[in-house]
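Reminder, nothing fancy here: chain letters follow the sequence lines and each chain counts from 1. These numbers come from the heavy atoms of this one structure, side chains and all, not from hydrogens, waters or symmetry mates.
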There are 2 protein chains.
Amino acid sequence: MKRVSETTTGTGPRGGGSAGANLGVLRSHNTALVLGLLRDAGAEGISRLELAERTGLTPQAVSKITARLREEGLAAEAGRRASTGGKPRTVLRLVPEAGHAVGVHLDRDELRVVLVDLDGAVVAERCAALDLGAGAEAVLEAVCAGVREVAGDPRAGAPGEGGPARAVSPLGVGVALPGPLDHARGVLHRVTGFPEWDGFPLRDALAERLGVPVVVDKDTNAAALGLAVGGEEGGAGGSFAYLHLGTGLGAGLVIGGSVHRGARTGAGEFGHQVVQLDGPLCECGNRGCVEVLCLRAAARGEVAEAARVLGVAAGNLVGLLDIDRVLLGGRTVAGAPEAYVRGVREVLDARAHREGAPEAAVPVRVAPRGERAVAEGAAQLLLAPLFGRGEG
Amino acid sequence: MKRVSETTTGTGPRGGGSAGANLGVLRSHNTALVLGLLRDAGAEGISRLELAERTGLTPQAVSKITARLREEGLAAEAGRRASTGGKPRTVLRLVPEAGHAVGVHLDRDELRVVLVDLDGAVVAERCAALDLGAGAEAVLEAVCAGVREVAGDPRAGAPGEGGPARAVSPLGVGVALPGPLDHARGVLHRVTGFPEWDGFPLRDALAERLGVPVVVDKDTNAAALGLAVGGEEGGAGGSFAYLHLGTGLGAGLVIGGSVHRGARTGAGEFGHQVVQLDGPLCECGNRGCVEVLCLRAAARGEVAEAARVLGVAAGNLVGLLDIDRVLLGGRTVAGAPEAYVRGVREVLDARAHREGAPEAAVPVRVAPRGERAVAEGAAQLLLAPLFGRGEG
DNA sequence: TCCACTTTGGCAACGCTGTTGCGAAAGTGC
DNA sequence: GCACTTTCGCAACAGCGTTGCCAAAGTGGA
């Protein structure tokens, strides 16, 4: 088996300008597209001709691409379909064990590390208490230890339960954490409550210690990415919002299949959307933020009111972006999922009815995967580019 | 001179899936990229080596592409730069007269038609009163007459002033109008106040009569597109919101250099964003929409309050999408531009200060081009794809 | 005035992409 | 057992950007 992804032959753009494409870019684009369809097909697999139809490539081109993928060990034959009067189609599938990635969820009081395979399935997991305020050295060491453990690295000491069957060398580590940060540079900004992290180059610090590529992103973005590639959420091209209601209120936006971060990774600031002019003061300095209204209502036990307020804010977002669905997550939602879904749905349905398009009401659901969603999504920060769900 | 854009050799994707790319797609992508840089360079022009740097292509590839463009009449040499110790660089520029497009602004009571060249400069213009409620036949005929006139078509009768020097055959017509509609299919939905237009296939009806490609879009989207390619607004990759305050309140969103429409062309519903829970009833059925609050304040003459409310809503949008700037337009804004800009800016500045990043305050400006912005942008619906600023 | 040097940019050969033409393989159905 | 359909690989091909090379067109010092 060769190395995963030798496809980055293309030089890429040099300046800040838009990218000119050469044959290397063309090849890796098409390869990623095919790989993505293979993954979406799951255990069922997909035939060469279906791949050709879905991509618009000729069958011969698909044959060449899949031959390369089989040579590299990323794809394999998996039986054949029923004949329709001629030679039956050979079914191809992704080989999930051909590559792994690590996802790290760095929360204020907890550290969760998962190892996932190419399919996104969790192969190993570690979870431990952690104080984000304990200083850079302690946190970095804890993260590195967690990564080595889930990867089965012998340096990590005795392989406890929950580890992988054998040691794997992951192709990278994705780290998701709450505060505002710069995804492109991997630098943290004033993490709420922990000013000592302001300006810390987390990505480079971890990459140096671990010796593998590292990507850093906001927790809500990671969760949204994980849901976007989760298969059930409509595949490529879909748009949705993941609303996370926990100690705070934030959102991860997926537009056209990729996470929308904005130029400064500031997108998704959903909680400080003003929905009540001159309302109660929020700690952010504004008045009438959804976060304050929603969390206060929740604290008073008025879940219906909290859900209604959340629904109004969600309605604003839906109208602004014309997205396809809304997913709810976070500890507060987990406490009364049906109530929140019902409350938000009522507001959105009413809006759709008034606009005379009741059939177009945006569906509201609880986000699957619960507590592990962020860590799994963090791992997807590295896997997604392989499958053509990269930077939009 | 050959025909404009013979570059669509690529088969394109067949199904609804993501597009696999072949050599034809590769070529047209790079050609469009170069063409876009040539346009952005304007009358100054740009050298081959600069094009190579900006695109990431090799100088030789740029030479081949520009040679093709010169052969087709789309580009031409325009002098040379000062030498830096060797052979001086030859400067290339776009030939604006090599192609034209028509932009139509179909408003409730007015019809405006412009003819623009490849540079986006207005070459001819017509403006006339029009009643959108006069029935499909009358409106279609008025639009067709306007298009023929600005194009100098002999069938249009005597060429009045404001027409082009000689007849041109435009490569397409872009139509922008208020109501909700389906950009992808070119079909109108219940245009506010004119129910008879519901479901009317405007694009196909016009395309058949005129015999050229037609694209239909919302007026705010067209205006935003026109501003996006206007040069001064930061070129490719920029993100901004165009807020239009006229008889209603709407927005056009540009994300990463292309217009964000959403799956159903519903994006940009800015006016019915709720900013005051249980506030005054809006005609849309919601309570506390920005549109109601803002327009009522404006009607009372309280421009500062209207601007503040607008600013709060703009702040919500800026936070949600992390965009780079906000542009204001529309008749109401035109009535007191400084006041609106000042009011919105104050809200956004205050928000940036509270977040500890006063240097990152989002700039607020009045959108240039005024009354003609929508018509010019409508023409760009056809030109933008030529320059690689297509469907994102 | 000449010559060495730098820089631009075209010509030709090349490697690689997806495409086309064709035929072998592997089924179904009469 | 034969005709037919369908899949899919081999081989030749056209077209893309790339590389190696060299002519053209300047500068600047001797």
Nearest-angstrom distance from the residue atom CG of A/L26 to C1' of D/dC16: 9 Å
OP1 or OP2 of D/dC8 under 4.0 Å from side-chain N/O of A/T90: yes
5' priority, DNA chain C, between A/G86 and B/G85 [closest heavy atom]: B/G85
Distance, rounded to the nearest Å, where A/L51 contributes CG and C/dG18 contributes P: 14 Å
Backbone of B/I65 reached by a side-chain donor or acceptor of B/R70 within 3.5 Å: no
Between C1' of C/dT19 and CZ of A/R27, the distance in whole Å: 17 Å
A/R48 side-chain proximity, nearest of C/dC16, C/dT20, D/dC8: D/dC8
Whether A/H183 side chain and A/V216 backbone form a donor-acceptor pair below 3.5 Å: yes
Closest to the B/K64 side chain, choosing from D/dG15, C/dG10, C/dA13: C/dA13
Backbone N/O of A/A19 and side chain of B/H29: donor-acceptor pair under 3.5 Å: yes
Nearest-Å distance for atom pair CG/P, residues A/L23 and C/dT19: 13 Å
Separation of atom CZ in B/R89 from atom P in C/dT6, rounded to whole Å: 16 Å
Given C/dG27, C/dG18, C/dA25, the nucleotide with the shortest approach to the side chain of A/K87: C/dA25
Given C/dT28, D/dG17, D/dC8, the nucleotide with the shortest approach to the side chain of A/S83: C/dT28
No-H, no-angle donor-acceptor pair, B/Q60 side chain to C/dG9 base, under 3.5 Å: no
Ion pair check, B/E77 and B/R48, cut-off under 4.0 Å: yes
Phosphate OP1/OP2 of D/dT18: any A/N22 side-chain N/O under 4.0 Å: yes
OP1 or OP2 of C/dG18 under 4.0 Å from side-chain N/O of A/T58: no
Of A/R70 and A/T84, the one whose closest DNA chain D nucleotide lies more 5': A/T84
5' priority, DNA chain D, between A/S63 and B/R80 [closest heavy atom]: A/S63
Whole-Å gap separating P (C/dT8) and CD1 (B/I46): 14 Å
Short side-chain to backbone donor-acceptor contact, A/R264 and B/I323, under 3.5 Å: yes
Distance in angstrom units between A/L92 CG and D/dC8 P, rounded: 8 Å
Atom-pair distance (CD on B/E50; P on C/dT8), nearest Å: 10 Å
Phosphate OP1/OP2 of C/dT17 contacted by A/N30 side-chain N/O (<4.0 Å): no
